Amino acid sequence: MRVDIVTIFPEFFGVLDVSLLGRARQSGLIDVRVHDLREFAHDRHRTVDDSPYGGGAGMVMKPEPWGEALDGIVGESSTLVVPSPAGAPFTQATARELAAREHLVFACGRYEGIDQRVIDHYADRIEVRELSLGDYVLNGGEVAAMAMIEAVGRLVPGVIGNPASLDEESHESGLLEYPSYTKPALWRGRAVPPVLLSGNHGAVAEWRRAQQIERTGRVRPDLIGGE
Ligand code: 97T
């Protein structure tokens, strides 16, 4: 998979080298390239933003640098991902869909967003996904893009050593994960649930399932048709 990132903060993405995806990058499974949007702004101050038509607070990212940058990066089989608080929810299902793409291009907007014509222009030509991490506001798309790249990258075949471990995770079954324990069996007066020491695999599986259902109902009733 090829991943391109366009941002005014390219140095932000240095952490991708030290994360789990570092090995995937070295082995060539994921090829990540970061581009500085300001290199596509040609005025003396390398301006990438301007005040909004119609008035209002904040600044909007100008379309010309985005067009120049993206024209040199996208091809007909690219998917353009635009992190945005106004986007559709990014979920594990979204991550799975994107993990099957050949080429992802992340457009990281700052300020109050990118001139909408940029999104509309590319949406007429290629797949464009405006995606939100959740109902809160960040200063820009960089942190959201990083979260999405990690969620997608670990689903690319070969990136995770034991792919079976992916199946048991929160959000794959529609339920949250069961609680986990390791040695010692007694810690600060707290015992590991005895069923986990019983050696009875059926009883363990049943207990874990019950824990998943209890936890999901308590913490995330929305996942099972409540609230
Ligand atoms: O708040 C944002 C600002 C810019 C780009 C993305 C976001 C965001 O993404 N998920 C939640 C908020």
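Just so you know, ligand 1 is whichever comes first in the structure, and atom 1 is the first atom listed for that ligand. Worth saying up front: this structure is predicted, and the values here are computed from it rather than measured.
- Taking CD1 from Ile224 and CG from Leu176, the interatomic distance works out to 8.5 Å, rounded to the nearest 0.5 Å.
- In the vicinity of Val137, heavy-atom distances shorter than 4.0 Å reach the ligand 1 atoms 1 (O).
- Residues in residues 216-227 take part in these side-chain hydrogen bond (donor to acceptor under 3.5 Å, both in side chains) pairs, two or more places apart or across chains: Glu214-Arg218, Arg220-Asp222.
- Within the listing of ligand 1, atoms 9 (O), 10 (N), 11 (C) sit less than 4.0 angstrom from a heavy atom of Leu133.
- Taking any N or O of Leu131, backbone or side chain, none lies under 3.5 Å from an N or O belonging to ligand 1.
- Every atom of ligand 1 with a heavy atom of Tyr136 under 4.0 Å away is listed here by number and element: 11 (C), 12 (C).
- Under the 4.5 Å side-chain contact rule for hydrophobic residues, Leu175 and Leu223 do not share a cluster.
- A 6.0 Å sphere centred on CD of Glu11 holds more than 12 heavy atoms belonging to other residues, nucleotides or ligands.
- Close contacts between ligand 1 and Ser132 involve ligand atoms 10 (N), 11 (C) [criterion: under 4.0 Å to a heavy atom].
- Heavy atoms of Pro85 found under 4.0 angstrom from ligand 1 belong to the backbone as well as the side chain.
- Below 3.5 Å of separation, one finds an N or O of Leu138 facing an N or O of ligand 1.
- In this structure, CG in Asp50 is found 12.0 Å from CE in Met61, a value given to the nearest 0.5 Å.
- Side-chain atoms of Val143 and Phe12, non-hydrogen and from C-beta on, do get closer than 4.5 Å to each other.
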